[in-house]
Each structure stands twice: as C-alpha cells, then as structure tokens.
Amino acid sequence: MNLFGEIRDNILNELAAMMREGALPAGLALENVAVEPPRDPAHGDMATNAAMVLARPAGMKPRDIAAALAVRLERNPRIDSAEVAGPGFLNLRLAPETWGALIEAILAAPATYGRSQMGQGQRVNVEYVSANPTGPLHVGHSRGAVFGDALAALLEYSGHDVTREYYINDGGAQVDVLARSVYERYREALGEAAEIGEGLYPGDYLVPVGRALAEKVGARWLGEPEEVWLAEVREFAIDAMMRLIREDLALLGVEMDNFFSERSLYDSGRIEAAIEALSAQGLIYQGVLEPPKGKMPEEWEPREQTLFRSTAHGDDVDRPIMKSDGSWTYFAPDIAYHFDKISRGFDQLIDVFGADHGGYVKRMKAAVSALSGGKVPLDIKLIQLVRLFRDGEPFKMSKRAGNFVTLRDVVERVGADVTRFVMLTRKNDAPLDFDLARVLEQSRDNPVFYVQYAHARVKSVMRRAEAAGITPGAPLIEDAAEVTLARKLAEWPRLVEIAARGHEPHRVAFYLYELASDFHALYNRGNDRPRLRFVQEGDAAATSAKIALPLAVSIVISAGLGILGVTPVEEMR
RNA sequence: GCUCGCGUAGCUCAGCUGGAUAGAGUGUCGCCCUCCGAAGGCGAAGGUCACAGGUUCGAAUCCUGUCGCGAGCGCCA
C-alpha cells in the first residue's frame, strides 16, 4: 500500500472526470501533479499542487480549479477535508480510519510494504570499492563499500535487477610493485634481510604472504633476476591480496556478485575491440594536446599521441589512450571494461569512485555515451573523504598497514552495523567526520543508537504484550502524536522511490532517524498521559489496538535498516 | 588558468529534481525527576540559504557572473 500514490490516483481520476464533464479543458497533461507531505503539519496530512500546475495550460485561476477539485475530493470517504490554501494548494486531511487501514496494510504485508516496482526489472550494474589489490582496505574504501552496497540494496528494493561488481586493477604497474614488495618478504622469510626500498609497499601485511610464498616454492628464486619470478610472484600476491580484501569486505557484510579482472582484458583483443568500436565512429585520432593553462608541468613538450575524441561527448579536452611507447594508458582498459558492461546488456551503469577521481568523470561518461550510442546512462558517484576522530581529536594509527587506518581497525572497534550506519549519515559528496567514541554513545545525537533504540523499544513492548497473551488487533489511531507517526509511516514508499531515483541511500538513514524520533516522542508522551501507552494494564482490548502502530514502526525500521545493511536489535545492552 | 564538488542557525548537517512562515541534532536560556515509562521531557531564542543579477504565479533548489574552501588537470592507476 502506498498511501501517497493512491491518493494521487484518486486526484488524477477526479481531474479526468472534470475534463470529461467540461469543468476543465480536455487533454491536460497530468504528470506534474504531485501529492506531497506539507512542510508544515498544520496544513494537513497531504497537499497537492494540481491546481497550480494546471492553471496555465487550462487558462484558469488556480484557486478556482482547487475549489472545484476540493468539492469532489471531500466526497471521498478516505478524506475528511480538502482546503484551498495559499496560491492554490489543496490541503487534505485524511479520515482516522484511513490511518488505521494503512497500519493494517503494513502488518498484513511486512515484507513488501515500501517495496516499489519503479525499476521495472531494469538491469543495473553497480561498481564499487574496486581498490587496487595491493593491500588491506582502509577507512576511505569502507565508505565507498557501504555506500555502493546500500545503493545496490536500495535499487533492488525499488524493483531493479542489480549486479554488484568489483573491478580488480591487476593490470598496471602497481601490481608489479606489489610483486617486488612480496619478493622482499619472501627473501626475509628465507633468512635474508628484506630491502624495502623507496616506492615499495612497506606494510606488515605482506610478511605472511612472503612466508607463504617461501613455503610454496622454497629457495629457488633467491638471487634470481626479476624476469625469472616477477609474473608468478605477481599472480601469487594478487591472489593473496584479493583474499584479504574479500575478508575485509565480509567484515562489513559486503558481498560482490562479480569480480572483474582488468588483466583479462589484455592479450585477448578486448581492448583493441573497444577502441575499434570508437574508431569506427571516427573518435580515435593521432594528435597533439594543448598544455594545461596556468599550471605548466616541468617538462612539457608537444607530443603526438593516440587520442579519444571525448569532446564529441561532452568532455573538455580529448584524452590519450596510448602511451608513446605504444602501450595503453589506464584509460584504455577502463573503456574496454565499460564496453564489456554495456555488451552484457545492462540498462544502467553506476560507478562509485573516490573523490580524487573527479577529473575522470567526464571522460568515462563520454566513453560510455559513445559506446552505447547514448542509450546506457552512466552515473558516477564520488565519495568524499572520511575524517577519523576519537573524542573530538584527530585519530591516526596503523596496526598493520603503512600509515593509514584500516577498515578492519574501525570495524573491530565499533562493529559493522555502526560503521555502516554512520557512513550513510552524510551525502556521498560531503566529507564525513567519524568519531570512534561518539558513534558508540547512547544518546539522542547518535542516530545509530536512536534508531536501534526505537526498534528495541517496540520489541520490548511486543514481548510484554505477548507475555500477557495479547496480539495486535484492529488499530485505533486517534491522538495527534499517533497520527504524526502514522503519517511518517505513510511516507516510506515515497521516500524509497525518491532515494532510489536520486541514487541517494543517505535519505533512508535520515528518514529512519525522523521515524525513530516521532516514535520516541509518542512513547515519551505516555509518561504524562497513560492513555497513550502501548500496553494498557488490565485492558487487553485497548492494548491490542494500541500495539499495532509500534509494530508497524518496527517493520519499517527493519526494512530501512535492511537496505542500509544494518541488523535491527531486539534489545539494547 | 580550466573542470568538478561544496558554501544553509554559534557548531555538525538535512531540505522531496521549483512550492506555503527554510528544518533536525547539538550548544545557549527557561521550566519539569521521592514513586508510577527521565540511558530524559516540554518550551524559547537563534537565518540576508556566501554575494549580485536573471528565469516565473513562486527560487536554498534552475541559469549567468563574482568570492571563499576542497579535489583534479598529457606516458600514475
């Protein structure tokens, strides 16, 4: 049940009838008619802009249309009153029974309330994390991981067919560096002194990898030149790193559907095929780029390169795809990778990148636009930095890795649920402050706690009702605080669609906080007014009617937390 | 220099793809706990939505320009 959607349908039907009867000119477009919660609750339960949207095309005054529509809507038994306000808003007040019916509908279909068919089964590929396989994940990665995972869940919840994908950058120079670093640890494991020179990865996490390698191959690569061992050590090291990364992801509860190897694109003709597809459109040429203005690199000299005419698809300058030695730039396999995604038949692509990839957005969109003939939209979500604190002080430490805080450090301290929720309490493009101490505080200004506490409170109420042998019955929504809460529940399906459309999972987190807040307000009101308590001592019938509302709240909280990947708790400890 | 993002209450941030008197938490101030649901509750103050124009019935939201902060800018991925 989607109350906003249903009331909107009612309104559209009335407008259609008005057109048939001549009260409105025929043929008016109705897509822009919206039914929304009014900003000020004093304006009622719902408001529609129908009259204002239609006034101009109908050549009528907004308030006249609104008044005529109001008369019709007031005949609807679900609507108590319809009132013309302001420039032509129509404010609706719903009948108490309408709220009761909503709560009953939620209880009757707890697994589906809020789910949407908006996506119509569209196939969406969400690529996220995609960290280089050279070490454990750090805090920054965890934000991208949580965001991508929640976005994927949100899209599934709204009717999309989602594939969660990780792109393994195992084709570039950094995995050679990894191999050399592991080789030093290998030598170390065999009793020689490791020489971790400048530019190698110094982290301790490579020590066991070197040891495992020594156990596997023995001493046969000792003293041998790089050409002998590099390729095999690289394979071995990448495998080890990807295992590490999968473990880190598992700690956060993130599970990918597909890992895509960059290396698999090389030596298989797939890069060439992707470039050829661009070339066939005349988008590949030999040329010389202008130097960037204002900031002249030290050793700039004009250089002829193979370029992709990304400017034909909205980029600012054309981009090189081949180095002067004839090898591909990093951009080329990325083009091939996205070509592969397109050819796998996805209707929509989403890339979740770190904010330092900002300069990369336009060229990637240009490539996808060209390769898909403009048919497959690519949305790139940039994830801003995470600043770690503890009790307000900047937090720096590393147990195992170079000089960064690992994902594991954080999850082991505060838990996966807290990490996930907190990471989603900001828009992706705003920096996030993460305080390892404050996220564990039990107070109202900690949204994780506040939402969990609301769920636990409901469960406590339900346990007490159950102990008295009482089950939820036909709900009775009468007090203003109860209506406020029911109204918030009615917004859930609408919020899901808004959040999914904008690829903005943080909206779910904020919604849950508001819902919890309204719930706690009602609960607290029971202090002063015992009639508002959910469990009415010695009155089974009243209790049965009262507990339907909190139960519905817990259903929605549980669904929302499910999208965020957070486990709802039964009790606080 | 160019590109992208951001700029909203003292602080941290929401703000529904253009709606009404711009919201929440925190902080500040006032009131409320012997017990019955205070890991708090109720209320108040607090704003030139960075600035200036524009678009229209209507702008924090869209467009142009300016300022400030951050990130990026040809063989690093």
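Sequence lines set the chain letters: A, B, ... in the order given, protein chains first and strands last, and positions in each chain run from 1.
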*A:Lys546/A:Asp539 salt bridge by N-O under 4.0 Å criterion*: no

*Please determine, for the side chain of A:Arg507, which listed nucleotide (B:C16, B:G74, B:A39) has the closest atom?*
B:C16

*With the threshold set at 4.0 Å, does a side-chain nitrogen-carboxylate oxygen contact exist between A:Glu127 and A:Lys341?*
yes

_Side-chain donor/acceptor of A:Gln536 to backbone N/O of A:Pro530, under 3.5 Å_ = yes

*Which nucleotide, B:G72, B:C75, B:G40, lies nearest any side-chain atom of A:Lys323?*
B:C75

*asked:* Suppose you measure atom P in B:G41 against the same atom in B:U17; what distance do you get, rounded to whole Å?
replied: 31 Å

*Taking the same atom, C1', in B:G46 and in B:G23, what whole-Å distance lies between them?*
13 Å

_Whether A:Asp479 and A:Arg529 form a salt bridge (side-chain N of Lys/Arg under 4.0 Å from carboxylate O of Asp/Glu) is what I want to check._
yes

*Pair A:Thr311-A:Asp318, side-chain donor/acceptor within less than 3.5 Å*: yes

*Sequence neighbours excluded, every pair satisfying side-chain hydrogen bond (donor to acceptor under 3.5 Å, both in side chains) that has a member inside residues 497-513 of chain A*: A:Ser116-A:Glu497, A:Gln348-A:His503, A:Asp379-A:His503, A:Glu504-A:Arg507

*Assign A:Phe534 to base, sugar-phosphate, or nothing according to its heavy-atom contacts below 4.0 angstrom with the strands shown.*
base

*Is a salt bridge present between A:Lys459 and A:Glu571, judged by a nitrogen-to-oxygen distance below 4.0 Å?*
no

*Should the ring pair A:Phe519 and A:Phe534 be called parallel, tilted or perpendicular, given that the plane angle runs from 0 to 90° and is split at 30 and 60?*
parallel

_Between A:Glu262 (side chain only) and A:Gly171 (backbone N and O only), is there a donor and an acceptor less than 3.5 Å apart?_
yes

*Using the six-membered ring wherever Trp is involved, compare the ring planes of A:Phe259 and A:Tyr166 and label them parallel, tilted or perpendicular (cut-offs 30° and 60°).*
tilted

*Taking CG from A:Leu495 and P from B:A14, how many angstroms apart are they, rounded to a whole number?*
15 Å

_For atom OH of A:Tyr360 and atom C1' of B:A77, their distance in whole Å_ = 8 Å

*asked:* Using whole Å, what does the distance between atom P of nucleotide B:C76 and atom CZ of A:Arg319 come to?
replied: 16 Å

*Given B:G41, B:C16, B:A14, which nucleotide is nearest the side-chain atoms of A:Pro37?*
B:C16

*To the nearest Å, give me how far apart CG (A:Asp518) and P (B:G41) are.*
13 Å

*How close or far is atom P of B:C76 from atom CZ of A:Phe331, stated in whole angstroms?*
17 Å

*Scan residues 167-175 of chain A against RNA chain B and write down, sorted by residue number, each residue with any heavy atom closer than 4.0 Å; if none is found, say none.*
A:Asn169, A:Gly172, A:Ala173, A:Gln174

*Look at A:Asp351 together with A:Lys381 and state whether they make a salt bridge at an N to O cut-off of under 4.0 Å.*
no

*How does protein reach along nucleotides 3-13 of chain B, written 5' to 3' as B (base within reach of a heavy atom under 4.0 Å), S (only sugar-phosphate), or - (no contact)?*
SSSS-----SS

_Going by side-chain hydrogen bond (donor to acceptor under 3.5 Å, both in side chains), name the pairs with one or both residues in residues 427-437 of chain A, residues two or more places apart or in two chains._
A:Arg387-A:Asp433

_Contact state string [nucleotides 17-36 of chain B, B base, S sugar-phosphate only, - no protein heavy atom under 4.0 Å]_ = --BB-S-SSS----------

_Is it the case that atom CD in A:Glu466 sees more than 12 heavy atoms from other parts of the structure closer than 6.0 Å?_
no

*asked:* If I take atom CZ in residue A:Arg457 and atom C1' in nucleotide B:G41, what distance separates them, rounded to the nearest angstrom?
replied: 11 Å

*Would you mind reading off the distance between A:Leu178 atom CG and B:A77 atom C1', rounded to a whole angstrom?*
14 Å

*asked:* Just to be sure I understand the rule, does A:Met572 reach a base, reach only the sugar-phosphate, or reach nothing, if contact means heavy atoms closer than 4.0 Å?
replied: base

*Say whether, by atom type as modelled, one donor and one acceptor occur between the side chain of A:His455 and the main chain of A:Gln452 under 3.5 angstrom.*
no

*Reading RNA chain B 5' to 3', how would its secondary structure be written in dot-bracket notation, given Watson-Crick and G-U pairs with both distances under 3.5 Å, brackets [ ] for crossing pairs and | for partners on other strands?*
(((((((..((((.....[...)))).(((((.......))))).....(((((..]....))))))))))))....

_Rounded distance in Å - NE2 (A:His520) to C1' (B:A39)_ = 11 Å

